[in-house]
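The next block holds one structure in the form of structure tokens; read it before the comments.
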Amino acid sequence: MKIQLAEDLPIDNHSKSDFCKDVLEGLKQNPKKLSSKYFYDKQGDKLFQKIMEMPEYYLTNCELDIFQNKSNIITESLQLQGQAFDIIELGSGDATKSKYLLKFLSENNFDFNYMPIDISGNILHELQRNLEIEMPDLTVIPLEGEYFEMLEKASGISARKKIVLFLGANIGNMNKQEAFQFCKDIRAKLNAGDVFLVGFDLKKNPQTILDAYNDPAGITAAFNLNLLARINRELDADFTIENFRHYQNYEPDSGACRSFLVSLKNQVVTVCDERILFDENEFIDMEVSQKYSVEEIGQMGEAAGFHVAENIYDSKKWFVDSIWYVS
Ligand SMILES: C[S@@+](CC[C@H](N)C(=O)[O-])C[C@H]1O[C@@H](n2cnc3c(N)ncnc32)[C@H](O)[C@@H]1O
């Protein structure tokens, strides 16, 4: 693998002061809220990898089914026409699924670079190390930071056709309005001929969805509680982790599956030298995992200014990777 390091690539965009500001802002809201983008420190990355391996967390296997078995169909839909291009992956994580597309493209001698974008430097380093072993000839340009800042950076590095991947139903971690705005903002950063490939988790049996986020082993609970532990570690806070409990719900009508941490007693927590009061049963809104119908996906893509060209499903039709063109 050739790792290209542009001189001015940012190393760590999430300074302590940004983290502190975001956490305090969220904990002073009513209801209290924490941004799920902070889930992913070293411990959070490990826990998310465990979540992906859980039998209840069907999302990984569904999208793996698509990338393992349909990378040829995906490739046909990317309108590559022999030109060189960049694969830019937003929130790549460890690239569990996209690796299959990268391998297919490499084996078929396509001319491309891979630019994984992730806010977690830890997971990007792990990805780099693994790709070095698995795909030594691939040119990888890791970009550590926020989606849009790094997409801008990627455009500065290369003017080639962009294939932007946003997998794992990451888009579900925004509410519908935020997701629509996100798609419009992505569209504004792309040029004619570019492609946006987005993974959506589809509405299905509500119990199946709830079970994926409410596992009996408590790994999802640990993943949520780790954010309080991270705040303790990095912001000298004093959350007593045992005083909070994970609660999950799913609303079949809206398609929102939501995680909360509930305070088990009246308590005061000090964060960044400020005292935050919690009432018994007060909750922190941690994360939404929004589920969509195929119709909702089509409407959102077209309204955001894309042409929704193709939907590629797993064999159960529980998940879709939707391919959107910029014309
Ligand atoms: C749910 S994981 C999914 C990983 C991968 N896409 C997959 O499908 O397996 C989300 C990833 O997005 C990254 N992430 C979350 N918010 C981000 C942001 N605002 N900017 C950049 N990366 C972000 C996290 O660090 C994490 O690695």
Side-chain angles (χ1 to χ4, degrees), residues 9-14 18-19 22 26 34-54 57-68 74 87-102 114-128 130-131 142-154 163-175 178-179 181-183 185-186 189 196-201 212-213 219-220 223-224 226-227 230 257 259 286-291 314 318-322:
L9 291 184
I11 300 301
D12 180 12
N13 272 10
H14 277 279
D18 281 348
F19 186 23
D22 289 349
L34 287 172
S35 167
S36 59
K37 73 181 178 194
Y38 291 116
F39 277 147
Y40 302 92
D41 66 343
K42 199 169 184 172
Q43 185 63 12
D45 288 336
K46 255 193 227 143
L47 286 164
F48 185 71
Q49 284 172 327
K50 277 195 180 165
I51 288 176
M52 289 204 296
E53 289 162 12
M54 291 174 351
Y57 194 75
Y58 60 83
L59 289 84
T60 310
N61 283 339
C62 289
E63 204 175 28
L64 258 180
D65 175 11
I66 295 173
F67 277 81
Q68 281 177 334
I74 294 175
I87 300 261
I88 302 175
E89 182 165 7
L90 306 176
S92 60
D94 62 4
T96 305
K97 304 93 181 223
S98 49
K99 266 184 203 170
Y100 289 90
L101 178 64
L102 300 177
Y114 176 52
M115 300 189 185
I117 292 176
D118 207 291
I119 203 169
S120 165
N122 173 65
I123 201 77
L124 274 185
H125 291 139
E126 188 180 315
L127 175 60
Q128 269 174 244
N130 291 341
L131 286 177
L143 296 168
E144 180 182 342
E146 288 273 354
Y147 298 136
F148 284 99
E149 281 170 41
M150 292 304 108
L151 191 50
E152 191 83 37
K153 195 96 194 169
I163 308 294
V164 178
L165 310 181
F166 194 36
L167 308 185
N170 277 19
I171 196 161
N173 296 143
M174 303 170 206
N175 67 36
E178 290 165 345
Q181 188 58 49
F182 181 88
C183 293
D185 293 344
I186 292 285
K189 295 247 177 267
F196 188 34
L197 189 162
V198 205
F200 290 91
D201 192 19
Y213 297 86
I219 300 171
T220 316
F223 180 63
N224 278 267
N226 176 59
L227 181 45
R230 180 183 184 182
C257 188
S259 325
M286 298 297 284
E287 184 172 60
V288 64
S289 299
Q290 180 66 44
K291 311 304 168 191
D314 66 297
W318 280 7
F319 197 97
V320 67
D321 279 299
S322 193

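The basis for the numbers below is simple: all heavy atoms, side chains too, and nothing from hydrogens, waters or symmetry mates. For ligands, and for the atoms within them, numbers begin at 1 and follow the listed sequence.
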ask   = Just by distance, do the side chain of Gln68 and the backbone of Asp65 share a donor-acceptor pair under 3.5 Å?
value = no

key: Proximal atoms of ligand 1 relative to Met52 (non-hydrogen, under 4.0 Å)   = 9 (O)

message = Are Phe148 and Phe182 an aromatic pair, judged by ring center distance below 6.0 Å?
response = yes

query = Taking the minimum heavy-atom distance to atom 4 (C) of ligand 1, which of Gly91, Ser289, Ala95, Gly168 ranks first?
reply = Gly91

query = Below 4.5 Å, heavy atoms only, C-beta onward: do Thr96 and Leu64 meet side chain to side chain?
reply = yes

remark   = closest protein heavy atom to atom 22 (N) of ligand 1 is Ile119 N, 3.1 Å

task = Classify the side-chain pair Asn61/Asp314 by whether it contains a donor and acceptor separated by less than 3.5 Å.
result = no

task = Could you tell me whether ligand 1 has any atom less than 4.0 Å away from a heavy atom of Met150?
result = no

task = Could you pull out, from Ser36, Ser92, Ala169, Ser35, the option with a heavy atom nearest to atom 5 (C) of ligand 1?
result = Ser92

query = Purely on distance, is any nitrogen or oxygen of Glu146 under 3.5 Å from one on ligand 1?
reply = yes

query = Do the ring planes of Phe39 and Phe223 sit parallel (below 30°), tilted (30 to 60°) or perpendicular (above 60°)?
reply = tilted

ask   = Do Phe200 and Phe319 have their ring centres less than 6.0 Å from each other?
value = no

task = Would you check whether Gly145 reaches within less than 4.0 Å of ligand 1, judged by its heavy atoms?
result = yes

Proximity of Phe19 and Tyr38 rings by center, below 6.0 Å = yes

Trp318 versus Cys62, closest heavy-atom pair with distance = CB-SG, 3.8 Å

note = Looking only at protein heavy atoms, what sits closest to atom 25 (O) of ligand 1 is Asp118 OD1, 2.5 Å

Closest to atom 14 (N) of ligand 1 among Phe67, Phe48, Tyr147 (heavy-atom distance) = Tyr147

request  = Answer yes or no for Thr96: is there a heavy-atom contact with ligand 1 below 4.0 Å?
outcome  = no

request  = Output the list of atoms in ligand 1 that are nearer than 4.0 Å to some heavy atom of Asn170, sorted by atom number.
outcome  = 1 (C), 2 (S), 3 (C), 10 (C), 11 (C), 12 (O)

message = Counting non-hydrogen protein atoms only, what is the nearest one to atom 9 (O) of ligand 1? Give residue, atom name and distance.
response = Lys97 NZ, 3.3 Å

